[in-house]
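Working notes, structure below.
In listed order, ligands and their atoms are each counted from 1.
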Amino acid sequence: MQLSKPVLQAENLRKVYAGRPAVDGISFFVSSGEIVGLVGPNGAGKTTTISMILGVLAPDAGSIHIGGLDLAHNRAAALSRTNFAAVYAPLPGNLTVQENLRVFGMLYATPNLSARIDEAIAEFDLERFRRTRCGVLSSGEQTRVSLAKAMLNEPALLLLDEPTASLDPSTARDIRARIRAFAAKGRGGVLWTSHNMPEVESMCDRLLFLSQGRILLEGDPKSLAARNGHASLEDLFVAVANA
Ligand code: ATP
């Protein structure tokens with residue numbers, strides 16, 4: 001069920017590599033205030049999907065609308081409404097926390113940038129690292145900076161590719177709370193990939209189960225396993241991965 005106006009609408013998205021579809025005609029949406037989990041085995045097509053939504057990969061077919069804007073025809077305006085964080089996309093290590101936030105804030109044309117940087121630094125508890133180069137921060141600290149950068153322009157669509165991978169349980173809990181708070185404001189939606197099934201179950205309002213480039217299952221993560229005859233999401237995941 002679609003609750004409010006979608007911030008992301010993907011229709012029949014497809015990407016083929018060397019004759020083999022990595023993403024095979026998928027359609028889905030993310031609404032404002034919603035956290036949607038994109039899960040699936042290694043190679044299922046999650047990162048390919050996110051790369052197409054980010055505009056770094058051109059789909060072979062299908063369409064993507066962000067905040068109602070067609071990414072193919074209104075690229076700059078559509079992308080200015082998104083932001084992104086992933087462990088495999090660290091911020092430049094030779095820039096300080098403040099410099100990184102300023103550079104990315106300018107790239108996203110963030111209004112009242114100095115004030116937004118101060119707010120983000122306070123929100124993510126980064127004051128003592130403000131003038132520290134990002135390259136020397138720990139993984140957990142770098143993730144906090146990446147999320148501060150990802151929320152700086154108050155995106156309508158926040159894309160998070162395994163944001164808690166490699167974090168200790170306490171830092172991961174802290175990061176989850178901040179992402180939940182972002183969604184709870186109701187101004188943006190989140191598309192989240194993770195291999196951590198308990199995390200997905202506790203965080204996501206809705207789950208898209210991707211396998212071999214297709215959405216096999218979709219629904220409430222709290223009931224999806226039982227509805228498909230499995231005791232837990234992890235059991236369901238293993239069954240889908242081995243199908
Ligand atoms: P993981 O959980 O391992 O990160 P994923 O679900 O993100 O996996 P993708 O990275 O989207 O999966 O890859 C989907 C499929 O597309 C894989 O079979 C992968 O080998 C293939 N693929 C991805 N990028 C390319 C590329 N540039 N050239 C050829 N094949 C690619």
Is Lys15 in contact with ligand 1, taking contact as a heavy-atom separation below 4.0 Å?
no
For atom 8 (O) of ligand 1, closest protein heavy-atom neighbour:
Gly43 N, 2.8 Å
Considering heavy atoms of the protein only, find what lies nearest to atom 27 (N) of ligand 1 and give residue, atom and distance to 0.1 Å.
Tyr17 CE2, 3.6 Å
Is [X] salt-bridged to [Y], cutoff N-O under 4.0 Å?
{"X": "Glu123", "Y": "Arg178", "value": "no"}
{"X": "Arg102", "Y": "Glu99", "value": "no"}
{"X": "Glu119", "Y": "Arg116", "value": "yes"}
{"X": "Arg206", "Y": "Asp220", "value": "no"}

Which is closest to atom 4 (O) of ligand 1 in terms of heavy atoms, Val16, Leu210, Thr47?
Thr47
Taking only heavy atoms of [X] into account, list the atoms of ligand 1 that are under 4.0 Å away from them.
{"X": "Thr48", "answer": "9 (P), 11 (O), 13 (O), 14 (C)"}
{"X": "Asn42", "answer": "1 (P), 2 (O), 3 (O), 8 (O)"}
{"X": "His195", "answer": "2 (O)"}
{"X": "Arg20", "answer": "18 (O)"}

Min N/O separation [X] to ligand 1 under 3.5 Å:
{"X": "Ala44", "result": "yes"}
{"X": "Lys46", "result": "yes"}
{"X": "Thr49", "result": "no"}
{"X": "Gly45", "result": "yes"}

Under-4.0 Å protein heavy-atom contact, atom 17 (C) of ligand 1
yes
Does Glu162 CD have over 12 foreign heavy atoms under 6.0 Å away?
yes
Mind checking ring pair (Phe, Tyr, Trp, His ring centres under 6.0 Å) for Phe209 and listing every partner two or more places apart, or none if nothing turns up?
Phe237
Donor on one side chain, acceptor on other, Thr110 and Asn153, under 3.5 Å
no
Would you sort out whether Lys46 and Ile50 count as a side chain to side chain contact (heavy atoms under 4.5 Å, CB included), showing the intermediate values?
CA-CA 6 Å; Lys46 303 179 294 295; Ile50 287 200; 5.8 Å; no
Asp60 meets the salt bridge (Lys or Arg N to Asp or Glu O under 4.0 Å) criterion, sequence neighbours left out, with Lys15
